[in-house]
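Written below as structure tokens is the structure these notes are about.
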Amino acid sequence: MTGLAVRATRGYAVLSVTLGLSSCSTSPTTPLAVPVAPETAMVAVHGGLLTRGRAGGRHDEAPRHEVWVSDFRVDATLVTRAAFADFVRRTGYVTTAERIGFGMGATEGMDDWAWERMPGASYSEPFRERDKDSSAYLAPDAPAVMVSWDDASAYCKARGARLPTEAEWEYAMRAGRMDARYPWGDDPAEGGKYRVNFWQGDSHHKNDRDDGFVYVSPVRAFPPNAWGLFDPVGNVWQWTADWYSETTYAQAAARGVVRDPTGPDHGVMRVLRGGSWWCGACVCEGNGLYYRGKTLPTAPYDNIGFRCAR
């Protein structure tokens, strides 16, 4: 597959957020061994040092330390609804939401931090009622959502790929920009225009729509980062391969400059990064490159998506 080569000797990272998820415990369905054509080009990322962590942030963001990330490739965009639907068609895969009979969602008008079970919701229709705003989920180039970690892993495996590690994800999304919340600086806007899909408004009762969206946006709606990666923050949370631990950074720092860290060997929740359309000043403010999200690997939410790596 053709990829865009980018060079970097140094990147940066810092993290933090918590999503409340339902305890959906089911075994993942193993996909059939059917080849799935990738829907997007991959970007070839040349490895280097990643400085991650910060002082004065959340407990799991400390301490600031360096790790080494080797060369890898990563999808230029989030996996789209069309690509995930094609995977399901080709393999007969049954998603977590389809097996448990519901997905978790939030809609404009609900209280802050409120989530609800949506019976029958899944990647194909990740909402309770279809209207002008929720129809955004149905666009072919919308990010696939209501996919659990198990679903995302199965999709990437069918492509001969995998989910990126947390360190790989941050190294690529920062694209060499250190000590900033976003890959372009500390403000969500640049040149008077928002570069990220997030929630604007005093509460989730009403979204002011200043970025042009209520829920998800097309995967190329905003400009990419310096290395050609779209949606480095915002739109939807992104699954990573790592198990979550609040002491991940402390343990890595104690070992010196760790090469290709992968987090703990086991855990309860998987790491999410980047924030989503749901995040804003009224709730977690998780959009950006500092916040470390986490949730159950079996949890399908309407603000969680993914991209693959190799």
Side-chain angles (χ1 to χ4, degrees), residues 1-3 21 24-45 69-100 103 122-124 126 140 142-173 219 229-231 236-244 260-274 293-301 304-310:
M1 191 188 316
T2 301
L21 285 250
C24 327
S25 270
T26 58
S27 301
T29 300
T30 302
L32 302 176
V34 177
V36 177
E39 86 294 350
T40 184
M42 278 187 154
V43 171
V45 178
V69 178
S70 298
D71 295 357
F72 68 103
R73 300 170 72 85
V74 65
D75 286 347
T77 72
L78 295 161
V79 172
T80 64
R81 181 176 182 273
F84 192 82
D86 184 62
F87 156 70
V88 170
R89 255 190 327 269
R90 288 168 177 262
T91 64
Y93 183 82
V94 180
T95 65
T96 299
E98 291 169 312
R99 283 183 281 111
I100 64 178
S122 71
Y123 79 93
S124 60
V145 297
M146 280 196 182
V147 287
S148 67
W149 186 94
D150 297 328
D151 301 334
S153 294
Y155 171 91
C156 292
K157 184 177 181 180
R159 274 182 50 188
R162 57 177 174 78
L163 289 171
T165 66
E166 184 179 11
E168 287 175 335
W169 185 94
E170 179 143 3
Y171 181 76
M173 298 308 130
V219 298
L229 301 173
F230 293 83
D231 288 321
V236 293
W237 285 100
Q238 301 178 43
W239 287 114
T240 73
D242 295 21
W243 288 108
Y244 173 82
D260 299 321
T262 57
D265 294 332
H266 53 81
V268 175
M269 297 188 179
R270 295 285 185 175
V271 175
L272 295 161
R273 297 301 307 273
K294 58 183 182 291
T295 199
L296 299 173
T298 51
Y301 269 70
I304 298 178
F306 68 103
R307 70 179 80 218
C308 301
R310 184 177 291 124

Taking it one step at a time, do Thr77 and Asp231 satisfy side-chain contact (heavy atoms from CB on, under 4.5 Å)?
CA-CA 7 Å; Thr77 72; Asp231 288 321; over 6 Å; no
Step by step, would you call Leu296 with Val268 a side-chain contact (heavy atoms from CB on, under 4.5 Å)?
CA-CA 7 Å; Leu296 299 173; Val268 175; 3.9 Å; yes
side-chain contact (heavy atoms from CB on, under 4.5 Å) evaluation trace for Thr95 with Met146
CA-CA 9 Å; Thr95 65; Met146 280 196 182; over 6 Å; no
Whether [X] side chain and [Y] backbone form a donor-acceptor pair below 3.5 Å:
{"X": "Arg310", "Y": "Arg159", "result": "yes"}
{"X": "Arg307", "Y": "Val74", "result": "no"}
{"X": "Asp151", "Y": "Ser148", "result": "yes"}
{"X": "Trp149", "Y": "Thr240", "result": "yes"}

Nearest-0.5 Å distance that lies between atom [atom1] in [X] and atom [atom2] in [Y]:
{"X": "Asp86", "Y": "Arg81", "atom1": "CG", "atom2": "CZ", "value": "12.5 Å"}
{"X": "Trp169", "Y": "Trp239", "atom1": "CH2", "atom2": "CH2", "value": "14.0 Å"}
{"X": "Arg273", "Y": "Lys294", "atom1": "CZ", "atom2": "NZ", "value": "12.0 Å"}

Does the side chain of [Y] come within less than 4.5 Å of [X]'s, by heavy atoms?
{"X": "Trp237", "Y": "Tyr301", "result": "no"}
{"X": "Leu163", "Y": "Arg270", "result": "no"}
{"X": "Pro297", "Y": "Trp243", "result": "yes"}
{"X": "Ile100", "Y": "Pro300", "result": "yes"}

Using a strict cut-off of less than 4.0 Å between a Lys/Arg side-chain nitrogen and an Asp/Glu carboxylate oxygen, indicate whether Asp150 and Arg99 qualify as a salt bridge.
no
Least distance between heavy atoms, [X] atom then [Y] atom:
{"X": "Val219", "Y": "Phe230", "answer": "O-CB, 3.2 Å"}
{"X": "Asp242", "Y": "Gly263", "answer": "OD2-N, 3.6 Å"}
{"X": "Phe306", "Y": "Cys308", "answer": "CE1-SG, 4.0 Å"}
{"X": "Thr80", "Y": "Pro140", "answer": "CB-O, 3.4 Å"}

Check the orientation of Tyr93 and Phe84. Use parallel for under 30°, tilted for 30 to 60°, and perpendicular for over 60°.
perpendicular
Specify whether Phe87 and Tyr155 have parallel, tilted or perpendicular ring planes, treating 30° as the upper limit for parallel and 60° as the lower limit for perpendicular.
perpendicular
